2 protein chains.
Amino acid sequence: MSDSLVPETRVLAVASQVVYGHVGNSMATYAMQSLGCDVAALNTVHFSNHTGYRQFKGTRATAQEITDLYQGLCQSNLTDFDVMLSGYAPSAAAVEAVGDIGMDLKKKKADKPGSFFWVLDPVMGDQGRLYVNDDVVPAYKEIIKQADLILPNQFEAEVLSGIKITSLATLAQAITAIHRIYSVPHVIITSVQLSKLSQSGGTPTPPENFLTVIGSTTKSDGSPRLFRIDVPALDCFFSGTGDMFAALTVARLREAVSETGDDLQSTASWVSPDSVSATDLPLAQATLKVLSSMHSVLERTMEARNAEIAKAALEPNQNEGLSAEEQQKQEYLRLTKAAEVRLVRNARFLRDPIVQFKAQEWHKEDLPADLQ
Amino acid sequence: MSDSLVPETRVLAVASQVVYGHVGNSMATYAMQSLGCDVAALNTVHFSNHTGYRQFKGTRATAQEITDLYQGLCQSNLTDFDVMLSGYAPSAAAVEAVGDIGMDLKKKKADKPGSFFWVLDPVMGDQGRLYVNDDVVPAYKEIIKQADLILPNQFEAEVLSGIKITSLATLAQAITAIHRIYSVPHVIITSVQLSKLSQSGGTPTPPENFLTVIGSTTKSDGSPRLFRIDVPALDCFFSGTGDMFAALTVARLREAVSETGDDLQSTASWVSPDSVSATDLPLAQATLKVLSSMHSVLERTMEARNAEIAKAALEPNQNEGLSAEEQQKQEYLRLTKAAEVRLVRNARFLRDPIVQFKAQEWHKEDLPADLQ
């Protein structure tokens with residue numbers, strides 16, 4: 001069996017669904033399945049395409065519809081999930097409904113520590129801007145307290161911690177605050193551009209065209225164990241990469257936890273003993289594989305995108321006769337489509353990542369004084 | 001690249017979706033993706049689980065919602081599909097909406113014969129019983145005229161042809177009638193129990209525990225080219241096998257067509273030249289691989305199901321204290337869940353089928369006089 005599958009894992013994935021392309025559950029479902037996870041997809045919206053196209057059609061599920069689907073699972077005893085992955089929910093009430101599902105699943109497994117794990121992607125905004133209603137923020141702040149791992153981006157980490165991230169020290173403070181305020185044992189901040197933060201201490205800053213992923217698992221005293229992984233950024237914006245990251249992290253974390261000699265799988269929230277260093281954490285090991293898979297898939301996506309654009313440039317202009325505005329719109333749609341992640345044909349990179357990055361522990365000098 | 005992928009294929013899959021388990025698009029999407037197809041899933045219902053559980057929660061898409069999602073694709077030029085696979089639609093109006101989508105996609109590709117192919121599963125009923133509203137039947141009879149391949153079961157073939165299938169001769173007549181009435185070039189009747197039909201002619205009938213799949217591609221004069229494949233039936237009912245069959249057939253037919261030396265890919269409806277014998281048809285070659293994959297997956301599903309049932313028998317009875325009726329219900333739910341197809345962990349059998357069956361041409365004596 002050369003199938004490169006992770007241990008058997010039943011996942012309830014609660015996120016958006018699009019007909020065309022790969023974001024939300026339309027990304028996460030296949031990403032997890034390709035590694036062998038059995039995925040139950042509970043879709044919170046049904047859209048024709050991702051919103052990056054600036055136009056779409058479809059419907060949003062109400063909080064009641066989300067709750068009903070879950071009640072449907074409960075009444076037929078179809079709730080034997082090892083992991084829940086929750087992503088975008090279209091309203092504060094929907095976030096609360098998702099929270100109730102997470103709490104109910106947790107309660108059902110309360111007598112077996114480690115038998116249920118909740119990965120929560122607090123989808124609220126990016127680049128300094130909320131793209132959900134204001135009332136979604138307090139809804140997330142409430143439900144995060146029940147999650148085991150959260151995956152905010154830099155902006156969402158600021159919103160959750162109340163700390164503006166301007167330096168490595170404030171980044172560490174934000175993660176520490178998130179651990180403390182929400183009692184959430186694992187945090188990964190996906191994509192921080194370190195070169196944009198003010199310099200401090202001894203940590204070498206990667207060049208501008210690198211992104212850094214920062215993760216931490218708490219120690220028994222609640223303090224963070226911080227690791228970072230630098231990856232070269234690709235010169236293109238892809239939609240759905242956050243969902244790909246979350247999905248692969250579910251599968252790889254489950255795998256890494258099963259591979260430790262300890263009894264980590266039956267430990268609440270899969271928190272490693274204090275003796276495990278930051279870079280040896282299952283979270284760090286999982287993230288390395290995830291980022292390696294993603295880098296390979298996105299590199300190939302960019303190649304395919306560039307080839308598609310080059311080919312189109314040789315073809316007769318189909319937009320002639322349209323207004324300048326309409327031509328621009330058609331061009332934008334074409335470029336957006338060209339950047340859809342080439343997921344399915346590159347599944348081998350999901351299954352067999354070529355690990356090419358390294359997790360690093362933070363230098364003490366980069367931590368705020370109270371964490372040194 | 002030992003990826004066993006079929007040629008690049010973009011599929012629009014229009015069918016039902018369930019959170020838990022594998023039927024409709026929740027079966028077809030992954031089955032096609034695992035072979036390398038890029039699948040756009042347009043979901044016609046959103047249910048918690050398949051209806052075989054006898055209880056479920058969720059919502060049905062209206063015809064307008066289905067149309068809207070497709071319009072969303074159109075407005076952003078996201079309609080570059082090579083194949084459409086359409087399955088369950090929850091009303092006559094929804095069937096018509098799906099038909100309009102198929103016709104529109106066909107029209108868009110009208111200048112390039114063979115560049116669009118529509119596989120239609122006319123989901124209406126089984127075992128002599130309709131499970132859709134009566135008005136769904138005429139809706140299907142109308143849209144089938146636009147399809148390239150249809151996949152009725154024995155009962156649906158009777159409904160479509162108006163011919164009661166009681167013998168090999170009437171079976172051949174039904175297929176011939178379907179070709180003729182609907183001008184549909186490819187037909188597969190999924191699962192006929194030949195041993196239950198009255199005997200005739202020289203074709204050896206397989207033993208009782210075999211199912212037979214009958215397929216045909218028309219010749220240029222509209223007459224059928226009939227092949228049959230006998231497969232051992234497994235002693236268990238699995239939901240979603242029709243959807244698995246349809247999905248794998250999309251991928252394998254595309255592959256088989258690309259492998260012919262002819263220019264079949266650019267021939268309208270991929271209809272082979274008259275010189276190609278029934279058993280050499282791409283449809284026959286594709287069906288062999290599909291049935292081999294399915295047999296391996298279902299065998300493993302049955303093993304897993306039996307192990308699950310045996311394990312449960314050793315555990316304390318959790319239903320003690322419940323009424324007899326409630327105990328029976330819980331037991332039924334448990335058995336239904338145990339029979340969910342083990343799809344994801346057996347993907348290797350989808351990718352690399354071990355072909356163990358043979359396609360046979362029909363003996364002339366088994367054909368009605370006008371087809372001999």
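Below, chains carry the letters A, B, ... as their sequence lines are ordered, and counting in each starts from 1. These numbers were taken from a predicted model, which means no experiment stands behind them.
Contact check for A:R348 versus A:S296: no side-chain heavy atoms found under the 4.5 Å cut-off. Proximity of A:E299 to A:F349: side-chain heavy atoms (C-beta onward) are nowhere separated by under 4.5 Å. The side-chain heavy atoms of A:H22 and A:Y30, taken from C-beta on, include no pair separated by under 4.5 Å.
Under the 4.0 Å criterion applied to side-chain N and carboxylate O atoms, B:R10 and B:D82 are not assigned as salt-bridge partners.
Taking B:V18, B:L78, B:L343 one by one and counting their heavy-atom pairs under 4.5 Å with chain A, the maximum is reached by B:L78. Looking only at heavy-atom pairs under 4.5 Å with chain B, the residue among A:E8, A:K329, A:Q75 that has the most is A:Q75. Each of A:Q71, A:Q17, A:Q330 has some count of heavy-atom pairs under 4.5 Å with chain B, and the biggest count is that of A:Q17. Ranked by heavy-atom pairs under 4.5 Å with chain A, the list B:C37, B:G36, B:G21 is led by B:G36. Heavy-atom pairs under 4.5 Å with chain B were tallied for A:D80, A:T29, A:T79, A:N25; the largest tally goes to A:D80.
Residue-level contacts of residues 40-70 of chain B with chain A, in order of numbering, are B:A40, B:A41, B:L42, B:N43, B:H46, B:F47, B:S48, B:N49, B:Y53, B:Q55, B:F56, B:K57, B:G58, B:T59, B:E65, B:D68, B:L69; threshold 4.5 Å between heavy atoms.
Proximity to chain B is limited to the side chain of A:L12, based on heavy atoms less than 4.5 angstrom apart.
Here the straight-line distance linking atom SG of B:C74 with atom CG of B:D104 works out to 5.5 Å at 0.5 Å rounding. Atoms CD and CG, on A:Q328 and A:N319 in that order, are 11.5 Å from each other to the nearest 0.5 Å. Summarising the geometry, atom CG belonging to A:L35 is positioned 8.0 Å from atom CD belonging to A:E255; distances are rounded to the nearest 0.5 Å.
Inspection of the B:Y20 and A:D38 side chains reveals no N or O donor paired with an N or O acceptor under 3.5 Å. A donor-acceptor contact closer than 3.5 angstrom links the side chains of A:T9 and A:R254.
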